[in-house]
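To keep things clear, I will list the structure first and then write my remarks on it.
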Protein chains: 2
Amino acid sequence: MRIGDLAEKSGLSTDTLRYYEKIGLMPRPLRDGGGRRVYDAAILRWIDFLDRLKSTGMGIKDRLHYADLRTKGAASLTERRELLEQHRQKVAGDIVRLTEMLDVLDDKIDLYRRMEAGETVDPTFESCARTEHAAPPSKKVPKDEHRPGTRPRADAET
Amino acid sequence: MRIGDLAEKSGLSTDTLRYYEKIGLMPRPLRDGGGRRVYDAAILRWIDFLDRLKSTGMGIKDRLHYADLRTKGAASLTERRELLEQHRQKVAGDIVRLTEMLDVLDDKIDLYRRMEAGETVDPTFESCARTEHAAPPSKKVPKDEHRPGTRPRADAET
DNA sequence: GCTTGACCTGGAGTGCACTCCAACTGGTAG
DNA sequence: CTACCAGTTGGAGTGCACTCCAGGTCAAGC
């Protein structure tokens, strides 16, 4: 398999494949008589895993570190496992954050929908306008200090 | 509240706050006699929401677009809602991807743990070494073509 | 033999999102 | 009065992760 085929199969560009090789994310492939890269299909599994690491927020440095450990073989098993465990924690945390955001968005979308329907939305003061030239609104609402642990409700200000 | 206080309360640096203002993510604040920025505490809610959008993967362009709509007031409600709904879909998709990755990682961590314990792990051929100078291994395993819908098992190659 | 197209290399350029810096000013404490 | 500190500006620099390009080589088809 040459670089063009691999690009097609992996979804990466030839430039990106060469770049990954240059920085050490991918092992240097064999070359044919003309000096062209020849790839084993097995590399696709590696590219796929790298891609998953990337798309779940692992930066290039850690991917490089992992790639480097991989070349060291069985001796690096523990270190690789630890790296993956760290990433696992990060991913788990991200899922929590995203799930919270889903709630925030749903609240806000709902609020907007109600406002679009002309419903009066309160007690949050509706102030989407810039405060720049406006006189500071004399707040009637005594400043909502919400109890700890309570997520602030969606507000129209944002 | 001056920029230093806001930096402390928001967790952003003064440089970042000024940068956000420059690109239009944050409204231009009032100034005191000496030309220094004076912020209303309400801005914290906006910064917090911006931060959430960012940390859930919304790029600066979309955040800018949203910020711009916000300055337009009630007229932009529908557009804002649509933008948030788009982001909601993205976030929901991300959660799915991350959750899948959690499984992949758990499988792999488990595999590594078993390998560390000296367990023979098969049928995946253990080839962490670079193939560069090695003769292509004569594969005994007939190439695992897994059924569609079946997630490939964790492999020792990566 | 010649053209075409895929490939090669090294290096420059891009976009995002800050981050840092120099040179200056304005308010306050000792 | 002076030192200090927080703030001001415009602009340069950084790190990531590619992406593009010029100028060249090589193998295969007509």
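Below, read A as the first sequence line, B as the second, and so on, with proteins coming before strands; counting in each chain starts at 1.
Residues passing the salt bridge (charged side-chain N to carboxylate O under 4.0 Å, His left out) test with A:D51: none are found, sequence neighbours excluded. Take A:E21 and apply the side chain to side chain contact (heavy atoms under 4.5 Å, CB included) test, not counting sequence neighbours, and it matches A:R28, A:P29, A:R31, A:R37, A:Y39. Residues forming a salt bridge (charged side-chain N to carboxylate O under 4.0 Å, His left out) with A:R97 (at least two apart in sequence, or on another chain): A:D94. Judged as a ring pair (Phe, Tyr, Trp, His ring centres under 6.0 Å), and not counting sequence neighbours, A:Y20 has no contacts. Annotation: side chain to side chain contact (heavy atoms under 4.5 Å, CB included) contacts of A:E8 (sequence neighbours excluded): none. With sequence neighbours left out, the salt bridge (charged side-chain N to carboxylate O under 4.0 Å, His left out) criterion links A:D15 to A:R18. Residues passing the side chain to side chain contact (heavy atoms under 4.5 Å, CB included) test with B:Q86: none are found, sequence neighbours excluded. In terms of the side chain to side chain contact (heavy atoms under 4.5 Å, CB included) criterion, residue partners of A:D5 (sequence neighbours excluded) are, by chain and number, A:M1, A:R2.
Remark on DNA chain C: of its neighbouring residues A:T14 and B:S13, the 5'-side contact belongs to A:T14, judged by nearest-heavy-atom nucleotide. Residues B:D32 and B:K61 both approach DNA chain C. Their nearest nucleotides, taken by heavy-atom distance, put B:K61 toward the 5′ side.
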For this session: Please test B:L44 against B:L6 for side-chain contact (heavy atoms from CB on, under 4.5 Å), starting from the C-alpha separation and ending with a verdict.
Result: CA-CA 8 Å; B:L44 278 164; B:L6 183 59; 3.8 Å; yes
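When all heavy atoms of A:M101 and B:L53 are compared, the pair lying nearest together is CE-CD2, 3.6 Å.
Using a 4.0 Å cutoff to heavy atoms of chain B, the contacted part of DNA chain C runs 5' to 3' from C:dC16 to C:dG27.
Figure legend: B:K108 and A:F49 shown as a cation-pi pair, the cationic atom lying under 6.0 angstrom from the six-membered ring centre and within 45 degrees of its axis.
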Quick one: which protein N/O atoms are closer than 3.5 Å to N/O atoms of nucleotides 8-11 of chain D? Pair and distance per line, please.
| from | atom 1 | to | atom 2 | distance (Å) |
| --- | --- | --- | --- | --- |
| D:dT8 | OP1 | B:R37 | N | 2.7 |
| D:dT8 | OP1 | B:R37 | NH1 | 2.8 |
| D:dT8 | OP2 | B:R18 | NH1 | 2.5 |
| D:dT8 | OP2 | B:R37 | NH1 | 3.2 |
| D:dT8 | O5' | B:R37 | NH1 | 3.2 |
| D:dT9 | OP1 | B:R31 | NH2 | 3.2 |
| D:dT9 | OP2 | B:R37 | NH1 | 2.9 |
| D:dT9 | OP2 | B:R37 | NH2 | 2.6 |

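Contacts with DNA chain D (heavy atom under 4.0 Å) in residues 86-96 of chain A: none are found.
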Problem set entry | Pair pattern of DNA chain C in dot-bracket, where unpaired bases get dots and | marks partners in another strand, Watson-Crick or G-U under 3.5 angstrom | ||||||||||||||||||||||||||||||
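Residues A:Y66 and A:R80 bring no donor and acceptor atom of their side chains to less than 3.5 Å of each other.
Within the model, atoms CG of A:L77 and CZ of B:R114 stand 12.0 Å from one another, a figure rounded to the nearest 0.5 Å.
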